[in-house]
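Structure first, then comments.
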Amino acid sequence: MKVSDMNKTQSVGMTILFCVMIFGFGIASLVSPDAEYSETENRTLAQMPALSLDSLLDGSFEADYEEYMTDQFVCRDGWIALKTDVERAAFRTQINDIYFAEDDYLIEAHTGVFDTDQAAENMEILAQFVETYAEQFDAGHMTVMVIPNAVDILQDKLPAFADTYEEEEYLSGLETAVSERSSSAADTVWFNARQVLWEHREEEIFYRTDHHWTTLGAFYVYQAWAKSRGYEIPAADSYEIETVTEAFEGTIQSKLGIHTVTDSIQLYLDPDAPAYTVVKDGNGEQTDSLYEYSALETKSKYDIFLGGNNALTSIETEAGTGRKILVIKDSYAHCFVPFMLPEFDRIDVLDIRYYNQELSALIEEEGYTDILVLYNVSGFAEDTSLAKLLY
């Protein structure tokens, strides 16, 4: 066979192989059953969008279909892992908006999260909420606690030239917005969690593979908050610290599709905590534990705290303080709430994303003495449900 014929044969072969791969994977993706949830990434996957004339004309169908194909592509997890391995081999220190930081930390950059219209709208919504309830919950009875992410606090671990300015600026804007709307109670409504965490930045206050803070980080912030409110200040040695797993691989690691290190999850158990009962989502079923140990058998091990996200979880205690608090939150609050048991007769934990009743009616009917708004800053900036705070 002549060299030219051999080259031609190879070219045809490569073309056929390329077409088989492209069309083969495309067809396989179309005929394979759609997955509803990715346990690896701990999120709901996009489903086939409904086709309509309006969605075609405004371009939303095309965008939704592209997201659907990305989420449902056959062998998706394997391709994500391969992409990460190739980029790591090229010595990249940031992949998929995630920094490979010192001490095996994977830290999300949150690029572009804080300069969107949604982030600005959420800042204004929070300010309006504080203004609405500042008089009802006077000094010392309303707290806004927005927790900075690891990218802000663990700056010393980041690669050279990593930029954390956007998050710092957004937190500062939130503090100003809250203070301007809370009148005479300005110095007591905003709680500076950043300062507390910054002082402990050399300790393990964030997971290495997950976007949450650790129970230790939550403890330090609770301790400072309790002091600012005149509550009893717990000491670390007053808790029985139980390590329930050393095999936690979090959501950040899952986004990369690889295995790096594993994290441990610790519970801070107070032997002197008052007795309590827990009711989730108003279904009437009671438990006597804030911890869902069965979550340790799943990918989403952080769900051991409160059993994961629920619209409304009510905790009745025998603290006997006369205080009743509403915690409006994201999942950062889940490991924070157990520290609150000694100070409140009732703790209602509300996730506005899943709560479809009027919040104003709940506040009026339940007669809360206190309100705590507790979010992580990137989660707050991206939340599309916060308008419900004003209903």
Thinking salt bridges, do Arg181 and Glu131 make one under a 4.0 Å N-O criterion?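 A salt bridge is present here (some side-chain N lies under 4.0 Å from a carboxylate O).
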Arg323/Asp370 ion pair, N-O < 4.0 Å: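 Answer for the salt bridge query: no.
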Proximity of [X] and [Y] rings by center, below 6.0 Å:
{"X": "Trp225", "Y": "Tyr231", "result": "yes"}
{"X": "Tyr368", "Y": "Phe137", "result": "no"}
{"X": "Tyr105", "Y": "Tyr99", "result": "no"}

Just by distance, with hydrogens left out, do Glu199 and Tyr220 show a side-chain donor and acceptor under 3.5 Å apart?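 Short answer, no.
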Between Thr132 and Gln128: side-chain donor-acceptor atoms closer than 3.5 Å: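 No, Gln128 and Thr132 have no side-chain donor paired with an acceptor closer than 3.5 Å.
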Should the pair Tyr222 and Phe336 be assigned to parallel (<30°), tilted (30 to 60°) or perpendicular (>60°) ring geometry?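 Aromatic pair Tyr222/Phe336 classed perpendicular.
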Pi-cation contact, Phe248 with Lys301 (under 6.0 Å, within 45°):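 Geometry flag: not set, cation outside 6.0 Å or 45°.
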For a ring-ring contact (aromatic ring centres under 6.0 Å, His included) with His212, tell me which candidate from Phe305, Phe206, Tyr302 qualifies.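 For His212, the ring-ring contact (aromatic ring centres under 6.0 Å, His included) test succeeds with only one of Phe305, Phe206, Tyr302, which is Tyr302.
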Picking from Val377, Thr164, Thr111, what satisfies side chain to side chain contact (heavy atoms under 4.5 Å, CB included) with Val151?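 The passing option is Thr164.
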Examine distances only and state if a side-chain atom of Asp263 and a backbone atom of Thr209 form a donor-acceptor pair shorter than 3.5 Å.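 It does hold such a pair.
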If only atom types and distance count, is the side chain of Ser238 paired as donor or acceptor with the main-chain N or O of Ala235 below 3.5 Å?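 It does hold such a pair.
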